Structure formats: structure tokens, C-alpha cells
Amino acid sequence: KDGTLVTQSFHQGQLHGETTYSFPHAKAIARVESFENGRLVSEQHNYRSGAPQERVTVAGAGRTISHWYEAGTPKSREHFKGERLVSGEYFNSSNVLDSKVVDGEGMRIVRDEQGIVLHEDVIAQGRPVKRTAFFVGGEPRAIIPYLLGQVDGTLRTFAAGGLDRKSVV
């Protein structure tokens, strides 16, 4: 109905192999799902150019999530066990390692498609404990404390120029 072309493969009545979804009214592949005997094992979303944007791979209790910039360079690669971040590598748009998480501890730097830093997360025991969000110019926009994945403590927000706008407990 929306112009998306879907192709699916089956084996003995179950999805098996790749299922693809095109962008509406286009031949370019927007999403690829990979199945093994009816079980989803990976899903990849692509840019309109066809380059990969995000891939999620599931194996047992873990999953790996990879992101790319549209030029094809890696943006991030994260490994989770359940909801806990076990390891991660985070790259700038020039493919230089920005930050990493090892054994559930470290710093995660998240960038937009142009490579601008959106926020930094301090990770402890596989969970974020503090997020610092930034304005486009790199000044802090908010500092958000977390406990067990929930906002906990004093949330500080800032106006452009770094002036402390308000704090909420």
C-alpha cells in the first residue's frame, strides 16, 4: 500500500534466510531481517544510499548493535548481555576511536550523522550513571544522573552560554 517491496524466504513453512523491505517506491533496500528457522537473528537498517545505518545481531542472551555514518565509517559497536552494556567502541566521523566501555565500565560518546556530539554517558556496571547532553557548539545542555537506569538525583539544565538554568531534584 505504501510502495514498499517485501521479499521473504521460507523453509518448511518458517521464515528462513533474508527478508528485505525496500524504501517506498524505490529499489533501494531499507531493511534486511535475517531468520534461522523462524527466529530473527539480525536486523539491518540502511540509509537511502544503501549503506548500512544500524545492525542488531542476537546471539543467546546477548546482542550486538552497530551504527555507521552514511559515508560507511563505523560510528559505534556495542555488546549487551540482557540490558547491561558489556563493551562498546565509539568513533568520530574520521574513524578515530573516541571512547570505549570495557567490562561494563567507561564512557560512551554518542554523535549525530554529521559527527556532532549529542551526549556523553558515564557507564558503570553496564548501566549509565550520568549523561551530559550538549548544545551543537559543545556547551553542556543538561547533566542527568541515573541509578539503575532511572533518572535519580539533581537534573541540571543549562542555557546556551553555559548559564545554569535550573536544577530539579
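Heads up: numbering here begins at 1 and tracks the sequence. Because the structure is a prediction, the values reported are computed rather than measured.
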(message) Is there a path of hydrophobic side-chain contacts, each under 4.5 Å between heavy atoms of I/L/V/M/F/W/Y residues, joining Ile65 to Val101?
(response) yes

(request) First locate atom CZ of Arg48, then atom CD of Gln53, and finally report the distance between them rounded to the nearest 0.5 Å. (result) 11.5 Å

(request) May I ask you to decide if Leu5's main-chain N or O and Ser22's side chain share a donor-acceptor pair within less than 3.5 Å? (result) yes

(message) I'd like to know if the side chain of Asn46 and the backbone of Ile29 have a donor-acceptor N/O pair within less than 3.5 Å.
(response) yes

(request) Using the side chain to side chain contact (heavy atoms under 4.5 Å, CB included) rule, take Arg141 and Phe134 through it: C-alpha gap first, then chi angles, then the decisive distance, then the call. (result) CA-CA 5 Å; Arg141 185 171 48 88; Phe134 297 95; 5.7 Å; no

(request) Drop me the distance from Ser76's OG to His67's NE2, to the nearest 0.5 angstrom. (result) 5.5 Å

(request) Could you walk me through whether Glu83 and Arg63 pass side chain to side chain contact (heavy atoms under 4.5 Å, CB included), step by step? (result) CA-CA 9 Å; Glu83 294 303 311; Arg63 71 187 189 293; 4.1 Å; yes

(message) Taking the side chain as everything from C-beta on, heavy atoms only, tell me whether Ile144 gets closer than 4.5 Å to Val151.
(response) yes

(message) Given 3.5 Å as the limit, does a donor-acceptor pair link the side chain of His16 with the main chain of Asn37, or not?
(response) yes

(request) Evaluate the side-chain hydrogen bond (donor to acceptor under 3.5 Å, both in side chains) criterion for residues His119 and Arg131: first the C-alpha distance (whole Å), next the side-chain angles of each, then the deciding distance (0.1 Å), finally the verdict. (result) CA-CA 7 Å; His119 62 267; Arg131 172 171 289 177; 3.2 Å; yes

(message) With a 3.5 Å distance limit and no angle check, can you tell me whether Tyr47 reaches the backbone of Trp68 through a side-chain donor-acceptor pair?
(response) yes

(request) Would you please test Ile109 and Glu120 for side chain to side chain contact (heavy atoms under 4.5 Å, CB included) and show each step? (result) CA-CA 4 Å; Ile109 296 177; Glu120 296 176 350; 3.9 Å; yes

(message) To the nearest 0.5 Å, what is the distance between OG on Ser34 and CD on Gln44?
(response) 8.5 Å

(request) Taking the side chain as every heavy atom from C-beta outward, state whether Phe91 and Asp98 have any pair of such atoms under 4.5 Å apart. (result) no

(message) To check you understand the geometry: which heavy-atom pair defines the closest contact between Val129 and Ala124, and what is its length?
(response) CG1-CB, 3.9 Å

(message) Are Glu78 and Tyr90 packed together at the side-chain level, in the sense that at least one heavy-atom pair is separated by less than 4.5 angstrom?
(response) yes

(message) Any heavy-atom pair between the side chains of Glu89 and Leu97 that's under 4.5 Å?
(response) yes

(request) Report yes or no: is the cationic atom of Arg127 (NZ for Lys, CZ for Arg) under 6.0 Å from the centre of the six-membered ring of Tyr146, at an angle within 45° of the ring normal? (result) no

(request) Say whether, by atom type as modelled, one donor and one acceptor occur between the side chain of Ser99 and the main chain of Met107 under 3.5 angstrom. (result) yes

(request) Please determine, by modelled atom types, if Tyr69 and Gln114 share a side-chain donor-acceptor pair under 3.5 angstrom. (result) no

(request) To the nearest 0.5 angstrom, please state how far the CG atom of Asn92 sits from the NZ atom of Lys75. (result) 12.0 Å

(message) If I compare all heavy atoms of Arg108 with all of Ile123, which pair ends up nearest, and what's the gap?
(response) NH2-CD1, 3.8 Å

(message) Just checking Gln125: does its CD atom have more than 12 heavy atoms from other residues, nucleotides or ligands closer to it than 6.0 angstrom?
(response) no

(request) Assess whether side-chain hydrogen bond (donor to acceptor under 3.5 Å, both in side chains) is satisfied between Thr7 and Thr20, documenting all intermediate values. (result) CA-CA 5 Å; Thr7 61; Thr20 61; 2.4 Å; yes

